[in-house]
Amino acid sequence: TKIRVYELAKELNITSKELIKRISDLDLDINSHMSTVEKEEAELIKELLGSEVDSNEKNVKEDDNIEDIEAIEIEENIVVKDLAEKLDVTPSEVITKLIPLGIMANQNQAIDFDTASIVAEEFGVSIKPIDIEKDSEDIGIDLDFEDDSKDLKPRPPIVTVMGHVDHGKTSLLDAIRKTAVTEREAGGITQHIGASTIRIGKEKIVFLDTPGHEAFTTMRARGAQVTDIAILVVAADDGVMPQTVEAINHAKAAEVPIVVAINKIDKPTANPDRIKQELVEYGLVSEDWGGDTICVPVSARNNEGIDELLEMVLLVAEMQELKANPDRKAVGIIVEAELDKGKGPVATALVQKGTLRVGDVVVSGTSHGRVRAMIDDKGKRVKKATPSIPVMILGLSEVPEAGEYIYVVDNEKKARHYTEIRKEKIREEQMKASQKVSLDDLFEQIQSGEVKELNVIIKADVKGSVEAVKQSLAKLETEEVRVNIIHGGVGGITESDVMLASASNAIIIGFNVRPTLTAIDISKRESVDIRTYRVIYDAIEDIESAMRGLLDPDI
Ligand code: GDP
């Protein structure tokens, strides 16, 4: 004998909100569209409002506009369960409303916005799509949020080892870790998680495992800066080499201080002074020569000078006054990630600000999830990760990319929403990037350097034609562009030919064969250029003119 407010509102042909507003004077316990009223009360309300509603048709219209502004924001594709939550009803109530629309959904299924709005209307609620632009700006806020200087606490330095190949980067990292092994607490087996923490007395230093500047550059390309100090390894028996210079330039561009490790001093041919001399040319003047670059002679092989090197790193770190606020929602950077057979997607993050905890909901690129567990570089399970400390995170929905930010958000719904935005952005970028090659603009693409290879798929009615075309096309190769026949076969142009062309950015050439209707459809969607000919000579001529920018646009 009870009636829901939304049902009553529907009878009166007004929205639930409108109804609640109008009866707010009555002493009824009504606050949402799901509240119930007794049948008698409903009758009373109908009587009271019935005439008023009719005569106030205009008012209702005006109020509708207000309703619009107050509409609930939902994602374009919303899962039934989430919609129910937004509408403040149970999933089964939503499911029931979907049945008359011919949709047999379960609570985990997503429905589109139009369907969702019909359902919402049934409950007297109006909805609108989330303003993606507005929300994507919100993402930045947390990352840029400046901490109060009084909240800042010292954090360990994050160090990268750089240098020319074979100068001893890997050996030095090994030697450093070995030194640390003797000093670290018992237990735990070293885990390769992409970065490791070593302890020197009361201090800690975090080393990125990947030697070289690749990690450095990918991260910087994404605008992320993880490294605080770079150790530049130069072999004392070799000298400054091309990658040494590259490393110096990368560190300088990132304004990261350099500590030079002059390695292999155990070798009889070692000449540390010559290295110092050569480094001057690149603006690195050793301290004992009156400059401000710390140079430490070491032997990674004999474990010589390692302690001193680490001491110097700590000294430089101290001068940098590295600090972060550990008491805020965590923001970090992914340094390594992969799909683990047993654990699913795993990612190692270095927390930059805040403290990451098990149970936190995180977002990283298009990946999200609740942190199920965290494992440190000693293989131990940990409950939290403070600034600079690397941890492997379990519980992500997919493998994020190295160099992506990872940050804590309020709840899973927000996390999903942010990843949706990210996916949309990536799709847009891919759309731009996947401008397919076509004969019409081949010349321009060659000129601008976008195309260096012309991939071609050949389909013909007889095998002989395929071979003939292959040979003729090979002769067209120029210095600017290579011609690759990625596939050739007998028969019509099919859907799978088009998909292959799309995936490998190829054009399709057909001789005395036609594309199927599906193939045509897909080629339009994937913007794959299909050309059909009767004579081989015509095809060769077309491609040749296209390569030279002479193709008649009408063909
Ligand atoms: P990376 O390419 O910079 O990572 O260099 P590696 O660490 O792989 O070292 C290259 C080679 O130099 C290896 O054969 C090492 O054994 C050797 N090496 C590294 N450090 C030293 C050292 O201090 N003394 C000597 N004699 N050889 C070293």
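The figures that follow rest on heavy atoms only: side chains count, while hydrogens, waters and symmetry mates do not. Count residues from 1 along the sequence. Counting convention: from 1, in listed order, for ligands and their atoms alike.
- In this structure, the separation between OG1 on Thr170 and CG on Asp166 is 9.0 Å, given to the nearest 0.5 Å.
- The shortest distance between side-chain heavy atoms of Ile389 and Asp376 does not fall below 4.5 Å.
- Counting atoms of ligand 1 from 1 in the listed order, those under 4.0 Å from a heavy atom of Ser171 are 6 (P), 7 (O), 9 (O), 15 (C), 19 (C), 20 (N).
- Less than 4.0 angstrom separates some heavy atom of Lys267 from each of these atoms of ligand 1: 26 (N).
- Shown here is Asp292, whose CG atom has no more than 12 heavy atoms of other residues, nucleotides or ligands within 6.0 Å.
- Every atom of ligand 1 is numbered from 1 in the order shown, and the set under 4.0 Å from a heavy atom of His164 is 3 (O).
- For atom 17 (C) of ligand 1, the choice among Met162, Lys264, Gln243, His167 with the nearest heavy atom turns out to be Lys264.
- Nearest residue to atom 4 (O) of ligand 1 from Val165, Thr170, Asp166 is Thr170 (criterion: closest heavy atom).
- In this structure, Ile530 and Asp497 have side chains that are not in contact, with every pair of non-hydrogen atoms separated by 4.5 Å or more.
- Under a 4.0 Å criterion applied to the non-hydrogen atoms of Asp266, ligand 1 contributes the atoms 22 (C), 23 (O), 24 (N), 25 (C), 26 (N).
- For the pair Leu172/Ile306, a side-chain contact is recorded, criterion being any heavy-atom separation below 4.5 Å from C-beta on.
- Not close to ligand 1: Glu304, with no non-hydrogen atom less than 4.0 angstrom away.
- Side-chain atoms of Lys343 and Ile375, non-hydrogen and from C-beta on, do get closer than 4.5 Å to each other.
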Step-by-step side-chain hydrogen bond (donor to acceptor under 3.5 Å, both in side chains) determination, Asp238 to His167: CA-CA 8 Å; Asp238 199 4; His167 279 198; 2.8 Å; yes

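- Of the N or O atoms in Ala300, one or more lie within a sub-3.5 Å distance of an N or O in ligand 1.
- Under 4.0 Å from ligand 1, not a single heavy atom of Ile265 appears.
- Heavy-atom proximity to Ser299, at under 4.0 Å, picks out these atoms of ligand 1: 23 (O).
- The pair Lys267-Asp237 counts as a salt bridge, with a side-chain nitrogen and a carboxylate oxygen less than 4.0 angstrom apart.
- The shortest N or O to N or O distance between Asn302 and ligand 1 is not below 3.5 Å.
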